[in-house]
Each structure stands twice: as structure tokens, then as C-alpha cells.
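Structure, as C-alpha cells:
On a predicted model such as this, the values are computed, not experimentally measured, just so you know.
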Amino acid sequence: MYGVENLTQTFQTYAGTTMFLSAFWVCVIYVFCYGKESGRKRILFVFMLSILFVFNDLSMKVVGKITDRSTYYRFIWAIPILPLIAWTGTKVVMEREKRWEKAVVLGLIFILFWGGKSSFLTEGSIRVPENPYNLSNDVIQVCEIIEKDKKEESPVVIFDYECQLAARLYDPSLVWGISRGAYQFHNNMEGYENAGKYKTEKVLIHAVNFGAKDEPERLAKALKKKKVDYIVTPIAYEMDDYLSQAGYRLVERSELRSVYVRIE
């Protein structure tokens, strides 16, 4: 959702490569035209309120100044997109009296959701989760390593970007040493000229997300300032010796990552 300038772009980005929003609007029109009068009035009332207070560029600009325009798409979560599509699709099929009419409707629904890049049923979108948490087994291993070793309830941990979000889903007690904002705006190997308040976190990003080993003193200061208890970074970066200079030792390795703890 980053870089959107108006509400139209927000909806387009939110929809991604699917036709969810297109299908949703078709369903709204169908319900409004063929639904009960009470339902039509309710939809019209909700629609008017939404356009007036939420889904317009003026609201986006006002709220964006208070919070963050890049997160405005979350208002779309309030729309019951999938339930309405499912309900309308079922209603349309069940209301057809002739079998051939039902077959045609089912065919149209199938085409809608199998439309190449405009479908959620694209190659690789359907898979069997590795575990009940639907998270990478490696991330779970990392969290369990920290859980067995930690001395306090909520240790501060810095992760590579791919691991960070998933780790918090598995173990909410872990405190991010690198904020979402830092990763959002400064996840690169550029210098510190434009890093602003994220200069300290950018040092950490250079090390754990890119495996940089050319600023040991700066890294040690950043780790101390953020009071980092654990460091999680890909094994391929071979950071053992470099991080030992900053006062961290290897605890254990998962399949893909190394977990380091601050030496007391």
C-alpha cells in the first residue's frame, strides 16, 4: 500500500491480481436491484455513509495527516467483501429454476475466479500449510530456541525482515529491536544521510538483513542503545566472528538462521 496518492490507487493495490473488488461491486448491484426493499435501503444508507466519511480522497488526506496514508487501506477490511460474494453467488445459483441456468451461472462464477492473473486461484496460491500456525517451520524453530534460552519474559530481538513479522505472530512476547517503520522506509544498504530518526535501526538492518560487516563500532553502539538481547540472521551471512566483537555469542542454529545472545 506504500506510495499511494489517492483512494483509487488504494483500492487497486488492495485488490492485487484478484477480481475480488470487481466481484464485490457486481454483487452489490445485484442485491440492490433484486434484493428485498429493506435490504436495498440498508445498503444504500451504508453506502452513502461510507462515501461521505471514509471512501473519498478528502477523508484519506485528513486521516493520513493524523496517522499514515499508507495504512488507510485498513478501512477496506470493514467491508464484508468475501461474505457478500459467497452469499450472492449462492443466492443466484439457488434462485435459478432451470438446470441450464444454474450451469451458466456456475460457469460465470468459475470464469470470474479463474481468470488468469485476475484470480486468487493462480499457480501456487493453494498449498498445504507446513504446520497448524501456517508459518515457516524455520521461524518456529528460531522462536523455540529463544524461548529455551531467554532469561526474561519479553526479550528484545532483531531479525532479518522475512523472519520478523512471522516471529511476532508465533510469539507476541518478543519485542522488536527494529521497528516496522525502519524496515518499511530504510530496508536497503544506502548510507545514513536520509535515515533521520532511524539511523540507529539502519545500522542493525545493515547487519542482520544484509550481512554487512564493515561497521563494528557503529553496530556495537546501536545494539547497546536498543538494548538488544538476541540477534537472528541467516546462516549464509556467517556472522559468528563479527557479532562476537559486538558482545554476542551463538546460541543455536535453526535450519536457515543463526540465533545469537548478548554475552552478560
query: Would a distance-only check, ignoring hydrogens and angles, find a side-chain to backbone donor-acceptor pair under 3.5 Å from Tyr183 to Tyr161?
result: yes
- prompt: Would you say the side chain of Leu219 lies within less than 4.5 Å of the side chain of Tyr242, judging by non-hydrogen atoms?
  reply: yes
message: Taking Ile79 as the starting point, is it possible to reach Phe47 by hopping between hydrophobic residues whose side chains are less than 4.5 Å apart?
response: yes
task: For Tyr198 and His186, work out which heavy atoms get closest and say how close.
output: CD1-CD2, 3.4 Å
Nearest heavy atoms of Ala212 and Met239, plus distance in Å: O-CE, 3.8 Å
- prompt: Have Glu153 and Ser173 got a donor and an acceptor in their side chains that come within less than 3.5 Å?
  reply: no
Side chains of Ile76 and Thr10 in contact at under 4.5 Å (non-hydrogen atoms): yes
message: The test is side-chain contact (heavy atoms from CB on, under 4.5 Å); show your working for Gln141 and Glu252 and say whether it passes.
response: CA-CA 10 Å; Gln141 291 175 26; Glu252 194 176 333; over 6 Å; no
- line: Taking every heavy atom of Val232 against every heavy atom of Val208, the minimum-distance pair comes out as O-CB, 4.0 Å
query: Same cluster or not: are Val62 and Ile51 linked, directly or through other Ile, Leu, Val, Met, Phe, Trp or Tyr residues, by side-chain heavy atoms under 4.5 angstrom apart?
result: no
- prompt: Transitively linked via ILVMFWY side-chain contacts under 4.5 Å: Val142 with Leu250?
  reply: yes
query: Any chance CD of Glu215 has more than 12 other-residue heavy atoms, nucleotides or ligands included, within less than 6.0 Å?
result: yes
message: Any carboxylate oxygen within less than 4.0 angstrom of a Lys/Arg side-chain nitrogen, looking at Lys41 and Glu37?
response: yes
message: Check whether Gln164 reaches the backbone of Ile178 with its side chain - one donor and one acceptor, N or O, closer than 3.5 Å.
response: yes
- request: Check the hydrophobic clustering (I, L, V, M, F, W, Y; side-chain heavy atoms under 4.5 Å; chains of links allowed) and say if Trp176 and Val139 are grouped together.
  value: no
query: Are Phe75 and Phe45 connected, step by step, through hydrophobic side chains (Ile, Leu, Val, Met, Phe, Trp, Tyr) whose heavy atoms are closer than 4.5 Å?
result: yes
message: Checking side-chain polar atoms at under 3.5 Å, does Ser136 have a donor or acceptor matched by the opposite partner on Asp138?
response: no
- prompt: Which pair of heavy atoms, one from Leu135 and one from Ala166, lies closest together, and at what distance?
  reply: CD1-O, 3.7 Å
- request: Give a yes or no on whether the ring-centroid distance for Tyr73 and Phe11 is below 6.0 angstrom.
  value: no
- prompt: How far apart are the closest heavy atoms of Thr200 and Lys226, and which atoms are they?
  reply: CG2-CG, 4.1 Å
task: Using only heavy-atom distances, determine whether the side chains of Tyr237 and Asp160 contain a donor-acceptor pair under 3.5 Å.
output: no
message: Are Tyr192 and His206 an aromatic pair, judged by ring center distance below 6.0 Å?
response: yes
- request: Please assess Ser59 against Asn56 for the test side chain to side chain donor-acceptor pair (under 3.5 Å), listing each intermediate value before the final yes or no.
  value: CA-CA 6 Å; Ser59 295; Asn56 63 76; 3.1 Å; yes
message: For Asn188, is the CG atom crowded, meaning more than 12 foreign heavy atoms sit under 6.0 Å from it?
response: yes
message: Are Tyr230 and Tyr260 an aromatic pair, judged by ring center distance below 6.0 Å?
response: no
query: What are the two closest non-hydrogen atoms of Cys143 and Leu174, and how far apart are they?
result: SG-CD1, 4.2 Å
- prompt: Hey, is CZ on Arg99 packed in by over 12 heavy atoms from elsewhere, all under 6.0 Å?
  reply: no
